[in-house]
Amino acid sequence: MLLRLKMGLPQRQLDAVLAEARRFGYECSFLDDGRQLLALDGTPGKPEHRSRFEDLVGVAAVLDPGDARERHERAPGQTDHVVRVGSAVFGGGVASLIAGPCAVEDTERVIEIAKRVRDEGATLLRGGAYKPRTSPYSFQGLGRAGLEMLRAVRAEVGIGVVTEVMDPREVEATCEVADMLQIGARSMACSPLLLEVGKAGKPVLLKRGFGATVREFLLAAEYLLSTGNENIVLCERGVRSFDSGVTRNLLDVGAVAHLKRATHLPVVVDPSHAAGRADLVRPLARAGIVAGADGLIVEVHPRPAESHSDGAQAISVDELRHVASDMAALLEFDGRCFATQDLERASA
Ligand code: PEP
Ligand code: MN
């Protein structure tokens with residue numbers, strides 16, 4: 001490991017860095033006359049050591065973490081970690097489509113949407129029973145009743161379900177109906193929730209907070225990975241920008257391309273919450289796939305005007321057909337493939 005120490009460090013702070021390094025079993029040597037570059041050798045590095053050094057007042061930066069690799073980091077030459085959820089496959093050159101309403105509203109309507117999105121190539125149904133809303137007066141989701149609806153839809157349509165959990169106390173009940181647990185943008189930094197969801201052992205869809213840096217996003221994933229759960233899919237859903245008058249959020253396609261290099265975890269794009277407008281979902285979906293995303297999560301509603309939440313960004317089933325065919329074509333161009341129910345049957 002290589003540390004850069006602050007310039008003109010008081011002896012007390014320097015001693016604290018050296019003492020901590022020796023306590024971890026490192027041999028310390030300065031690489032420069034100014035005693036700013038401190039090489040630590042002699043024992044295998046650990047992510048905990050790296051974090052401790054980052055927290056010490058005398059350390060300006062951990063320049064090279066050596067082999068203290070965090071669990072999300074892609075080692076040189078390491079292949080994608082592939083996450084499978086029923087017929088859906090994320091990573092390893094395969095991408096999947098998740099589609100459905102913003103919120104679960106009534107059983108018949110969700111069954112109708114589930115059948116239609118499945119017929120267009122979606123291998124997972126999305127739909128929130130618990131809705132993280134900015135205002136406490138907005139529709140909050142149907143809660144446990146919504147979970148029961150998802151249970152009925154799953155049994156009737158035979159499609160896997162992704163649904164959000166916001167409260168650690170609801171993880172167990174949500175696991176009974178969900179094939180994949182979603183952690184929403186507003187909850188991304190809630191470490192007790194991350195740990196509880198990680199421990200549940202189900203695949204997780206982790207959405208990036210709208211004000212979170214890529215590093216903060218990856219460290220949220222690290223909380224999940226630290227529980228031993230490896231089936232984590234990252235979701236870029238747009239970050240706050242200065243121009244919310246045009247799009248609701250700014251889809252960070254640069255982050256998608258970067259994440260595909262920095263981590264072995266799969267990455268999906270949510271063009272719906274990024275755009276906030278139905279007419280921009282298709283182009284943003286295309287951008288996400290071209291940037292390297294391993295899938296899309298899209299909000300669909302047959303009658304957006306009746307939707308209890310996010311109606312403005314809900315696309316029709318006809319538009320989803322275009323999104324799915326664009327996705328298939330772009331993946332083929334890229335030498336990748338689109339996971340469908342048929343692919344699963346063919347390889348079974
Ligand atoms: C959602 O996907 O239902 C949702 C609320 O999105 P986000 O957490 O990204 O705002
Ligand atoms: Mn929504």
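Numbering of ligands and ligand atoms starts at 1, following listing order. What you are looking at is a predicted structure, and each value in this text was computed from that prediction instead of being measured.
Between Leu125 and Pro101, the closest side-chain pair of non-hydrogen atoms falls below 4.5 Å. Counting only heavy atoms from C-beta outward, the side chains of Phe53 and Leu40 approach each other to under 4.5 Å.
For ligand 1, the atoms lying closer than 4.0 Å to a non-hydrogen atom of Arg186 are 10 (O).
Considering both main-chain and side-chain atoms, Gly184 never comes within under 3.5 Å of ligand 1 through any nitrogen or oxygen pair. In terms of N/O distances under 3.5 Å, ligand 1 is approached by Arg237. On a distance-only criterion, Glu164 and ligand 1 share no N/O pair closer than 3.5 Å.
Side-chain contact of Glu299 with His273: a donor-acceptor pair under 3.5 Å is present, judged by distance alone.
Rounded to 10 degrees, the OE2-metal-OD2 angle spanning Glu299 and Asp310 at the Mn ion (ligand 2) equals 130°.
No heavy atom of Arg208 sits closer than 4.0 Å to any atom of ligand 1.
One finds no salt bridge joining Glu112 and Arg109 here, because no Lys/Arg side-chain nitrogen approaches an Asp/Glu carboxylate oxygen to under 4.0 Å. Between Arg321 and Asp318, at least one side-chain nitrogen of the basic residue sits less than 4.0 Å from a carboxylate oxygen of the acidic one, meeting the salt-bridge criterion.
For atom 6 (O) of ligand 1, the closest non-hydrogen atom on the protein side is Lys207 NZ, 3.0 Å. In terms of protein heavy-atom proximity, atom 8 (O) of ligand 1 is closest to Ala185 N, 2.7 Å. The closest protein non-hydrogen atom to atom 4 (C) of ligand 1 is His273 NE2, 3.5 Å.
Judged purely by atom type and a 3.5 angstrom limit, Glu216 uses its side chain to pair as donor or acceptor with the backbone of Thr213.
The aromatic rings of His81 and His264 sit perpendicular to each other, their planes meeting at more than 60°, with 30° as the lower class boundary.
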